[in-house]
Number of protein chains: 2
Amino acid sequence: MKLAQATIKDIARELNVSSSTVSRALKDYPGISDETKKRVKEMAEKLNYRPNAVALSLRKSKSFTIGVVIPEVVHFFFSTVISGIEEVAYKNGYNVILCQTNEKLEREISSVETMLSNQIDGLLVSYSKETTDFSHFIKLMEMELPIVFFDRTPNIENTVNVTVNDFNGGYQATKHLIDQGYRKILHLAGPSNLTISKKRKEGYLAALNEAGIPVDEKLIVECPIANEKESFESCVQLFKDADNRPDAIFAHHDIVAAGAMLAVKSLGLKIPEEVGVVGFSNWQFASMIDPPLTSVMQPGSKIGEKATQILLEMINNKVINPLNMEDLVLDTELLIRKSSLKNS
Amino acid sequence: MKLAQATIKDIARELNVSSSTVSRALKDYPGISDETKKRVKEMAEKLNYRPNAVALSLRKSKSFTIGVVIPEVVHFFFSTVISGIEEVAYKNGYNVILCQTNEKLEREISSVETMLSNQIDGLLVSYSKETTDFSHFIKLMEMELPIVFFDRTPNIENTVNVTVNDFNGGYQATKHLIDQGYRKILHLAGPSNLTISKKRKEGYLAALNEAGIPVDEKLIVECPIANEKESFESCVQLFKDADNRPDAIFAHHDIVAAGAMLAVKSLGLKIPEEVGVVGFSNWQFASMIDPPLTSVMQPGSKIGEKATQILLEMINNKVINPLNMEDLVLDTELLIRKSSLKNS
DNA sequence: TTGTACGCGTTATCAA
DNA sequence: TTGATAACGCGTACAA
């Protein structure tokens, strides 16, 4: 047996009918005798016929494929988002083409280009850290390609964005630390060109303000790379001076928090007694480290699901903004664990 | 501007030449005047022409797309594999269609069917835990569709498999525990229908034999689900009897190990002094838990890269088994951390 | 109830 | 050096 797939023509030839008859019979079109319908379906079964999705795409100018552009696959949060996307796409008969940008703008642009070539019906994007110019996306929107941005969303008009409530997440985290009695709260902030970084920081500031704690600019430290090593090194510097050191940390995400915890512990300081720590994203390891890390849970797969549902709606109803909204904001939830519990 | 993409025909019309001329000019075919070539390329640029990959697929019966079927995306090891796959695919101009099966056979079958419909050029598979019958894959192989299995590989003739040396990983892990002075080593084994589970167990047995330690069947416990909760519960049972309890654990993977550590710690036992623990896969959290977990590192992205390279070779050279081999086995590496260091 | 003809975008083949 | 035509697999308007 060869790779050659049976086509409608093959069925037609075997049965001495025209290919249009076969096409109609397979699709249960009205005006086809039950007799023919039955013969066609049996032959299709026998020849192991399978419709050629490529030919269909060409014919219908619709590929039933959506593109996903994501910074990194090896990233707990993004992997949960991908999972959510895949679930909804699968249930609706759509395929998912995946590209990771490795946080490179150049690759983002070329990936989008490839996907466009492949006639994707819509695009889900979380852009790279390098991306500050969005013209490659704007071009697509002008072409009326449905796009939904998630997690990292651009400051452009008329985009459809699915995010988590980063502001509130930052607020909850910081307020919790304040409630526990911490006062000199260090914020290890994320890359400054990401909206999520800004929002989390604003939440942090809001909680401080509300509590009447003056903001100390020295307690806001950006982590542009946002990995373990970077935050480890920053924290060793910041905490080694015993006189004026922070008594708590609100980190941009759990990896940053983990690096900070290693640094703090390496200086012999106790968590949570001397330093409280809260992370973000609730990575899988958060409950397993020592002490277990309090973290702001983001509903990753729900983000993926929502973003995909909206995208499919845009595709099928040819509506650019189905909910007439700028942003769909999903709630975060603070998961309190030992790392931030001074009072207990 | 509308979604309508410029086609070769559009360029031809603008320039009053035939579409074949345009096609040839764009591809730098010989026998086209430089003049025409230049005009065509300029017009293509101006109209923002982009080749339609779908039409190309139909014409050439080649889609430059490979399918990836994987049990779960939210899984550290698999996410690294996907990343490796995507890297090699991208570099070679191939697209990646992703499907997760959620460990369901039914979904595996339907995903493969969809991909076939989409005329994928080849398939990368790690099958589900439910899969014991491989006829849906055998059918594809008979159709001469290039397939490479990775990590979880079937016991079928003529398959191309990329795996890690699970046997040696299990052996290394167990030998290390023995060298550290542990003697009653519990093996929390994986699902018994997976080859990887068998191999790891065989490595464990080999190390015991070599050291002259008799095998105690009660010290081999299968974890069919292989999550934290399951191993936690198993271990609470196994360790609460002080008289005859294990003094070490070799776990099928790190999540299982983490559950076991929680159980052991909850019983007041000290790691590594009273119980040594070794995991498998070196999940991201392994270095962050308390104590840091010794683990057998699997080169996930290398597996993805290798599998993809071999698949592309099969696709392009129309060779079914390019290296004339049954299995490509990649080396594991034991990363020793505190959880298994009795002597230090 | 069924068949014929055309087009989706591209390229290979043959002819000019 | 260029053009006309057919074909990849399918669906559909129109004709029969």
Side-chain angles (χ1 to χ4, degrees), chain A residues 2-41 43-44 47-65 93 114 116-121 143, chain B residues 2-41 43-44 47-65 93 114 116-121 143:
Chain A
K2 274 301 200 62
L3 183 54
Q5 286 280 342
T7 72
I8 279 188
K9 277 189 191 169
D10 297 324
I11 300 176
R13 195 179 331 106
E14 293 291 320
L15 259 41
N16 271 318
V17 296
S18 76
S19 23
S20 33
T21 303
V22 176
S23 171
R24 285 187 279 240
L26 288 172
K27 299 237 149 176
D28 284 324
Y29 258 54
I32 286 278
S33 71
D34 288 348
E35 166 65 13
T36 321
K37 212 180 273 185
K38 194 174 147 229
R39 288 174 60 221
V40 166
K41 290 196 174 173
M43 185 56 72
L47 297 183
N48 196 17
Y49 170 76
R50 179 182 300 110
N52 183 326
V54 170
L56 271 166
S57 295
L58 185 60
R59 180 71 232 266
K60 303 221 169 174
S61 306
K62 177 149 171 43
S63 62
F64 286 96
T65 299
T114 311
L116 226 49
S117 247
N118 281 278
Q119 313 299 110
I120 51 163
D121 294 336
M143 289 165 56
Chain B
K2 276 301 202 63
L3 184 53
Q5 287 279 343
T7 72
I8 279 189
K9 280 187 188 171
D10 297 324
I11 300 176
R13 194 178 332 106
E14 292 291 319
L15 261 40
N16 272 318
V17 296
S18 74
S19 19
S20 9
T21 303
V22 175
S23 172
R24 285 187 280 239
L26 287 171
K27 299 238 148 173
D28 284 323
Y29 261 56
I32 287 277
S33 72
D34 288 350
E35 166 66 12
T36 322
K37 211 180 275 184
K38 195 174 148 229
R39 288 174 60 221
V40 167
K41 290 194 174 175
M43 185 55 73
L47 297 183
N48 196 18
Y49 170 77
R50 178 181 301 110
N52 183 327
V54 171
L56 269 165
S57 295
L58 185 59
R59 183 68 234 262
K60 302 223 170 174
S61 306
K62 180 152 170 37
S63 62
F64 286 96
T65 299
T114 311
L116 227 48
S117 245
N118 280 278
Q119 314 299 111
I120 51 163
D121 293 337
M143 289 164 57

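Keep in mind the model is a prediction, meaning the values are calculated, not measured. All chains are named by letter (A, B, ...) in the order of the sequence lines, taking the proteins before the strands, and each is independently numbered beginning at 1.
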Practice task
Give one of base, sugar-phosphate or nothing for A:S19, where a contact means two heavy atoms less than 4.0 Å apart.
Solution key: nothing

Completion exercise
All heavy atoms of A:L56 vs all of A:P51, minimum pair found to be CD1-CB, 4.4 Å

Exercise for the section: Check every strand shown and say whether A:V54 touches a base, only sugar-phosphate, or nothing at a heavy-atom separation below 4.0 Å. Expected result: nothing

Handout entry: Whole-Å gap separating P (C:dT2) and CD1 (A:I32)
Key = 5 Å

Problem - A:K62, NZ atom: more than 12 neighbouring heavy atoms under 6.0 Å - result: yes

Exercise for the section: Tell me yes or no: between the side chains of B:S117 and B:T114, is some donor less than 3.5 Å from an acceptor? Expected result: no

Problem - Sidechain-backbone polar pair: A:S19 side chain, A:I8 backbone, donor-acceptor under 3.5 Å - result: no

Practice task
Please figure out whether A:Y49 or B:V22 has its closest DNA chain D nucleotide nearer the 5' end.
Solution key: B:V22

Fill in the blank from the handout: Counted 5' to 3', the first and last nucleotides of DNA chain D within 4.0 Å (strictly under) of a heavy-atom of chain A are D:dC8 to D:dA13

Exercise for the section: Whole angstrom is fine here: how far is it from CD in B:Q5 over to C1' in C:dC8? Expected result: 14 Å

Practice task
Taking all heavy atoms of B:L15 and all of B:R39, pick out the closest pair and write down the distance.
Solution key: O-NH2, 3.5 Å

Exercise for the section: For B:L58, report the nucleic acid contact type (base, sugar-phosphate, nothing); a contact means any heavy atom under 4.0 Å. Expected result: base

Practice task
Could you check which of C:dC8, C:dT1, C:dA12 has an atom nearest any side-chain atom of A:S33?
Solution key: C:dT1

Exercise for the section: Check whether the side chains of B:S20 and B:S23 place a donor and an acceptor atom closer than 3.5 Å, and report yes or no. Expected result: no

Handout entry: For atom CD of A:Q119 and atom P of C:dT10, their distance in whole Å
Key = 9 Å

Practice task
Considering just the side-chain nitrogens and oxygens of B:T7, establish if one lies under 4.0 Å of OP1 or OP2 belonging to C:dG9.
Solution key: no

Exercise for the section: For A:E14 and A:L47, work out which heavy atoms get closest and say how close. Expected result: CG-CD1, 4.1 Å

Problem - d(CG, B:L56; P, C:dC8) in whole Å - result: 16 Å

Atom pairs, N/O to N/O, protein against nucleotides 13-16 of chain C, distance under 3.5 Å?
| unit_1 | atom_1 | unit_2 | atom_2 | d |
| --- | --- | --- | --- | --- |
| C:dT13 | O4 | B:R24 | NH1 | 3.4 |

Handout entry: Shortest non-hydrogen contact from B:V54 toward A:N118
Key = CG2-O, 3.9 Å

Exercise for the section: Under 4.0 Å between any heavy atoms, over every strand shown, what does B:S57 touch: base, sugar-phosphate, or nothing? Just pick one. Expected result: nothing

Fill in the blank from the handout: Rounded to whole Å, NZ of B:K27 lies from P of C:dG9 at a distance of 16 Å

Practice task
Check the distance between C:dT10's P and B:F64's CZ and give it to me in whole angstrom.
Solution key: 15 Å

Exercise for the section: Look at A:D28 together with A:K41 and state whether they make a salt bridge at an N to O cut-off of under 4.0 Å. Expected result: yes

